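For reference, the structure is listed below as structure tokens.
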Amino acid sequence: MSRLQGKNVLITGASSGIGEACARHFAKAGSNLLLAARRKERLENLKQELEAQHPSIIVSTFELDVRSKAKVDAVVASMGHVDVLVNNAGLVIGLDKLEDITEEAMDTMLDTNVKGLVYVTQAVVPGMRARNSGHIINIGSVAGQQAYANGSIYCASKAAVASITRALMAETIDTAIRVSEINPGLVETEFSVIRFRGDKDKADSVYKGMEPLNGDDIAETVIFVAGRPVHVNIAEMLVFPTNQAAATNVYRKP
Ligand code: NDP
Ligand code: 8X3
């Protein structure tokens, strides 16, 4: 029997990409799903599909903008207990020099990737402490370890995720709560389409001449990390496509 069977798994940003793939993989492992994102209709479609494929699991969907602390608190309070939290909701806006980044783009990245992740974590941790069990898996990025030109605020937001992960791990050291961080390199999702504000050609060029990771590749690592015995915590994983060796070191076929 899978260690994840019957666990209640909250995935933020489950309407696309890595989050959606995580939903599929946790469903396959027999977990109950608490799926959150702003695009509720996508979550509803996913719920229908996954409940049809896996009749033993319960899938609940929540329209949630993680930037609203009040909404996060209300939604998480309505969920019942959370065994595993996958803090995945996040985005990048633009590829611009620091002096050209708009206040709106900066606020959107920091409010979502940093403050939103903290709000959800704050809403979930007290219950985990009370039960002395739980697992928080944060989706960081290689960008949090290696800042690159024109990525300052996004890289800073993911560096913040790394610091928050490490601090929380230390704060829960005397509990059975696990805290992990998975740091992907290039993953082809809607990430670059959002980055380039809907310009699909520009988004496609990010992955030109190389085979990027896909959502399933990262979901498999999330499932591996979540599925270890409770005395084992994978603190951190850096996951690259084979043709990537650093944030900006990517081999592309000519
Ligand atoms: P996608 O754009 O495919 O998915 C992003 C998800 O985040 C969507 O489900 C979106 O849902 C959700 N989201 C965005 N803003 C909010 C918000 N305010 N409130 C709630 N949900 C939100 O990209 P990925 O799957 O690639 O991204 C997932 C995570 O992986 C992000 O944290 C990203 O930084 C990280 N990452 C991605 C990499 C890549 O190369 N793709 C590499 C390294 C890390 P909705 O719009 O419906 O709210
Ligand atoms: C996403 C990977 O290199 O586009 O976190 O920043 S990158």
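Computed from a predicted structure; not experimentally measured. Only this structure's heavy atoms are used, side chains among them; waters, hydrogens and symmetry mates stay out. Numbers for residues simply follow the sequence, beginning at 1. First listed ligand is number 1; within each ligand, the first listed atom is number 1.
- The backbone N or O of Gly116 sits nowhere less than 3.5 Å from a side-chain atom of Arg67 that would complete a donor-acceptor pair.
- Taking a cut-off of under 4.0 Å to the non-hydrogen atoms of Pro184, the atoms of ligand 1 that pass are 42 (C), 43 (C), 44 (C).
- In terms of protein heavy atoms, atom 36 (N) of ligand 1 is closest to Tyr154 OH, 3.8 Å.
- Given atom 25 (O) of ligand 1, the protein heavy atom at minimum distance is Ile18 N, 2.8 Å.
- Among protein heavy atoms, the minimum distance from atom 11 (O) of ligand 1 is reached at Ser15 OG, 2.9 Å.
- Residue-ligand proximity: Lys158 is placed with every non-hydrogen atom at 4.0 Å or more from ligand 2.
- Salt bridge status for Arg24 with Glu49: present, with a side-chain N to carboxylate O gap under 4.0 Å.
- Taking 4.0 Å as the cut-off between side-chain N and carboxylate O, Arg197 and Glu104 do not count as a salt-bridged pair.
- Ring centroids of Phe191 and Tyr207 are separated by 6.0 Å or more, keeping the two rings apart.
- Considering Val187, Asn183, Asp65 only, the shortest heavy-atom separation from atom 39 (C) of ligand 1 involves Val187.
- Here the protein heavy atom with the shortest distance to atom 23 (O) of ligand 1 is Thr189 OG1, 3.3 Å.
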Exercise for the section: Could you walk me through whether His135 and Asp83 pass side chain to side chain donor-acceptor pair (under 3.5 Å), step by step? Expected result: CA-CA 6 Å; His135 197 164; Asp83 296 306; over 6 Å; no
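- Contact atoms of ligand 2 toward Tyr154: 1 (C), 5 (O), 6 (O) (distance under 4.0 Å to a heavy atom of the residue).
- At least one N or O atom of Val66 sits closer than 3.5 Å to an N or O atom of ligand 1.
- Look at Thr12 and you'll find every heavy atom at least 4.0 Å from all atoms of ligand 1.
- Proximity of Glu20 to ligand 1 is not established, as no heavy-atom distance is less than 4.0 Å.
- Here the heavy atom of the protein found nearest to atom 15 (N) of ligand 1 is Arg38 NH2, 3.2 Å.
- For the pair Asp204 and Lys208, the salt-bridge criterion is not met [side-chain N within less than 4.0 Å of a carboxylate O].
- In this structure, the protein non-hydrogen atom closest to atom 6 (O) of ligand 2 is Tyr148 OH, 2.5 Å.
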Problem - Stepwise side chain to side chain contact (heavy atoms under 4.5 Å, CB included) check, Arg39 with Ser16 - result: CA-CA 9 Å; Arg39 289 171 291 180; Ser16 171; 3.9 Å; yes
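- A donor-acceptor contact shorter than 3.5 Å links the side chain of Thr12 to the backbone of Asn88.
- For atom 5 (C) of ligand 1, the candidate residues are Ala37, Gly19, Gly13, Gly90; the nearest heavy-atom contact is made by Gly90.
- When Gly185, Pro212, Ser141 are ranked by how near their heavy atoms come to atom 38 (C) of ligand 1, first place goes to Gly185.
- Closest protein heavy atom to atom 2 (C) of ligand 2: Ser141 OG, 3.8 Å.
- Exactly one of Glu44, Lys47, Gln48 qualifies for a side-chain hydrogen bond (donor to acceptor under 3.5 Å, both in side chains) with Thr61. That residue is Glu44.
- Residue Lys158 places at least one N or O, backbone or side chain, under 3.5 Å from an N or O of ligand 1.
- Listed by atom number, the atoms of ligand 1 under 4.0 Å from Gly17 heavy atoms are 3 (O), 25 (O).
- The CD atom of Glu211 sits 8.0 Å away from the CG atom of Asp217 when rounded to the nearest 0.5 Å.
- Within 6.0 Å of the NZ atom in Lys28, the count of heavy atoms belonging to other residues, nucleotides or ligands does not exceed 12.
- In the vicinity of Gly140, heavy-atom distances shorter than 4.0 Å reach the ligand 1 atoms 43 (C), 44 (C).
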Exercise for the section: Take Asn87 and Asn138, measure what side chain to side chain donor-acceptor pair (under 3.5 Å) needs, and give me the verdict at the end. Expected result: CA-CA 5 Å; Asn87 265 322; Asn138 291 335; 2.9 Å; yes
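- Looking only at heavy atoms of the protein, atom 22 (C) of ligand 1 is closest to Ala89 CB, 3.7 Å.
- Atoms of ligand 2 lying under 4.0 Å from any heavy atom of Phe191, numbered from 1 in the order shown and given with element: 1 (C), 4 (O), 5 (O).
- Among protein heavy atoms, the minimum distance from atom 3 (O) of ligand 1 is reached at Ser16 OG, 2.5 Å.
- Which parts of ligand 1 touch Leu64 is read off a 4.0 Å heavy-atom cut-off, strictly below it: atoms 19 (N), 20 (C).
- In summary, the atoms of ligand 1 found under 4.0 Å from a heavy atom of Arg67, numbered by their order in the structure, are 18 (N).
- No hydrogens or angles considered: nothing links the side chains of Asp96 and Asn150 as a donor-acceptor pair under 3.5 Å.
- At the shortest separation from atom 35 (C) of ligand 1 among protein heavy atoms lies Ile139 CG2, 3.8 Å.
- With no hydrogens or angles considered, a side-chain donor-acceptor pair links Gln145 and Glu236 at under 3.5 Å.
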